[in-house]
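Throughout, numbering of the chain's residues begins at 1 and tracks the sequence.
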Amino acid sequence: MNKFLRVMIRTVIVSVFFLQSVAFAAPELPKDIEWLTNDSDPVFASPEAKKGGTLHSSIMTFPMTFRVVGPDSNNSFRSAILDNQLDLIGIHPNTENIIPELATHWAFDKDKKTMYFKLNKDARWSDGKAVTADDFAYTLEFMRSKHIIAPWYNDYYTKEIEKVIVYDDHTLAVVSARAVPDLHLKLGLSPVPRHFYGKLNKNFVRKYNWKIVPNTGPYQISDFKKGKYVRFKRKKDWWATDLRYFKNRFNVDKVIFNVVRDINMMWEYFKKAKEDVFAINFPSYWHEKTKIPVVENGYVHKIWFFNNTRQSATGMWLNQDRKIFKDQNVRYAFAHAMNIQRVIEKVLRNDYFRLEHGFMGYGRYSNNAIRARRFDLDKVNDYMKASAWKRGGDGIWEKDNMRFSVEVSYSIDEHAPRLVVLKEEAKKAGVELRLQKLDSSAAYKKVIEKKHDVAWMGWSTSLRPQYWEHFHSVNAHKPQTNNITNTDDPEMDKLIDAYRNSLNEHERVRLSLKIQEKAHEIGSFVPTFMVPYVRQAYWRWWKLPNPPGTKHSSSLFDPFGSTTGGLFWYDKNVHEETKQAMKAGKTFSRVTIIDKTYKMKLPE
């Protein structure tokens, strides 16, 4: 090959590389970005907090997987894993302003579709790898993959998130598929570690069923034994430990969840200090079962902490794919046959409040004009006769060889007395309830597979009401979605679509109120109780800040949650003092704390 030809070839090669580098050059940030941060909102942890100790807790059933997506992943233990995965940004639990998590700064584009983020350069995965903008780009790849077998996530991350733009290792943009209000509530993504998963394939579900995935939060699973326990360990040099809104939080060294399948056994373990905290929202515990020596002698403290937050949509969810519940009159009759007030008075000692609908506590987004259907035998008769039902020989309504007899699936033993009262009262109305107690995993699986008649359960909440998951027809008539009532109503779909697409807050508020009216009209959800407070018993060596929690605290001893968790701490000296006192028969003053700092105004 002559010299001239060699030079020409080199020139062509260089040109190709140059053109490729130009074609794949990193995008440029807009010139007029206004970067925002928040280092001035009040802190809510205590400077008196100390590091150390082990929190002993329990779970009623061992999780079916450690995956947070895919089959069987939507279980109660999932939150313990997700809470240790930070997002780009967080929400201050008292002011509701944006605060930093993985990002130090953020900005909003004028298109109302795009947010820009600057990552904290110190952010690290639990395996020591740096968190980069590419991990957020990988979030989209991961969530859109068919291999994770998670249709809801596939759909959401395809239709709702348009793209992630990587500018450099620590700068990115997340783009919504459409302009939306409250953009920060949608685009503050969590990263997924590309270096851990790599390219996904059809073996994903089986391969990662019990894998411990790197995370960015304060704790990581250290070891576990299937069916027995899961242990978490605090990271010694967690990258975020001294950040403003994380300082003096996440204080215990270890968190141990032992499997205890019976709540009565949990209580016995707690009384022996084998567990450190016990929820005593149940009136029987607050008023009666805590009349025991460890409480009377001051070794265990009780606290009643009123919060001011969104209420769980707790109640009875009717499966409209069941023949009996296809008729709206029958659904209304069922609601009027449920004597919720009788349960509140007879079983719950008037400590609980009636939930009027599924979206209470959302401020202007809540329709406070709606009232739940009350127990009313005359209305039951009217609705059933309007649909040509007749009372059978045993008093239960009958039609076309079908009795008004439905199965109610539940999972918590303590709820049995409530359901027994409802069953007794419903029989007066000609409705038979067949109570089916399952363990929590089995109950949830039955419901999420849409194999229930009536599901006795509640849902977690979010900062704004979420309707699409629970009431849009796209999520009806198929398993593994949260539309467990199989609501399929064209008018509801239009309202929900308009709500999701609206950029005007006033319009969204108006639509939210109409959607709640429509849900009440459909009648597939019978609201039961709300509990706008937290009641817990805890051994006196555990300490809380002042005030003990935040507006949005749903537990004062949540170990992991980035918004309200990790505020408590362990006092070794008080533990030693208490052990010696118990051994010597010495007592302390009985302590019952009632904190109304954030008490919400309740409906009359």
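Taken to the nearest 0.5 Å, the CG atom of D39 stands 10.5 Å off from the OG1 atom of T104.
F306 places none of its side-chain heavy atoms less than 4.5 Å from the side chain of M600. The shortest distance between side-chain heavy atoms of V164 and V175 does not fall below 4.5 Å. No side-chain heavy atom of K254 sits less than 4.5 Å from a side-chain heavy atom of L55. Taking the side chain as every heavy atom from C-beta outward, F77 and F66 approach each other to under 4.5 Å. Between D489 and F471 the shortest side-chain heavy-atom distance does not fall below 4.5 Å.
Annotation for K207: atom NZ does not count as buried by contact number, only 12 or fewer foreign heavy atoms lying within 6.0 Å. No more than 12 heavy atoms of other residues, nucleotides or ligands lie within 6.0 Å of NZ in K514, so this atom counts as exposed by the packing criterion. K233 NZ: 12 or fewer foreign heavy atoms inside a 6.0 Å radius. When the shell of 6.0 Å around NZ of K186 is examined, it contains more than 12 heavy atoms from other residues, nucleotides or ligands. Heavy-atom neighbours of D237 CG from other residues, nucleotides or ligands within 6.0 Å: at or below the threshold of 12.
Taking the ring centroids of Y365 and F359, they lie at or beyond the 6.0 Å cut-off. Taking the six-membered ring where the residue is Trp, the centroids of Y208 and Y197 are separated by under 6.0 Å. Residues H552 and Y598 keep their aromatic ring centres 6.0 Å or farther apart. Between F117 and W106, the distance from one ring center to the other does not fall under 6.0 angstrom. F224 has its ring centre no less than 6.0 Å from the ring centre of F257. Between W238 and F250, the ring centre distance stays below 6.0 Å.
Between K113 and E160 no salt bridge is recorded (no basic side-chain N to carboxylate O distance below 4.0 Å). With respect to the salt-bridge test (charged N to carboxylate O, under 4.0 angstrom), the residues R364 and E505 qualify. Using a cut-off of 4.0 Å between Lys/Arg side-chain N and Asp/Glu carboxylate O, K110 and D32 are scored as salt-bridged. In this structure, R231 pairs ionically with D223, as a charged nitrogen and a carboxylate oxygen lie closer than 4.0 Å. Under the 4.0 Å criterion applied to side-chain N and carboxylate O atoms, E521 and K518 are assigned as salt-bridge partners. Salt-bridge annotation for R464 and D182: present, with a side-chain N of the basic residue lying under 4.0 Å from a carboxylate O of the acidic one.
Aromatic ring pairs are classed by plane angle as parallel below 30°, tilted from 30° to 60° and perpendicular above 60°; the pair W152 and Y156 is parallel.
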Apply the test side-chain contact (heavy atoms from CB on, under 4.5 Å) to residues V213 and F196: give CA-CA distance (whole Å), side-chain angles for both, the deciding distance (0.1 Å), then the verdict. CA-CA 7 Å; V213 181; F196 179 79; 3.8 Å; yes
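When every heavy atom of M64 is checked against every heavy atom of N209, the shortest pair comes out as O-ND2, 3.5 Å.
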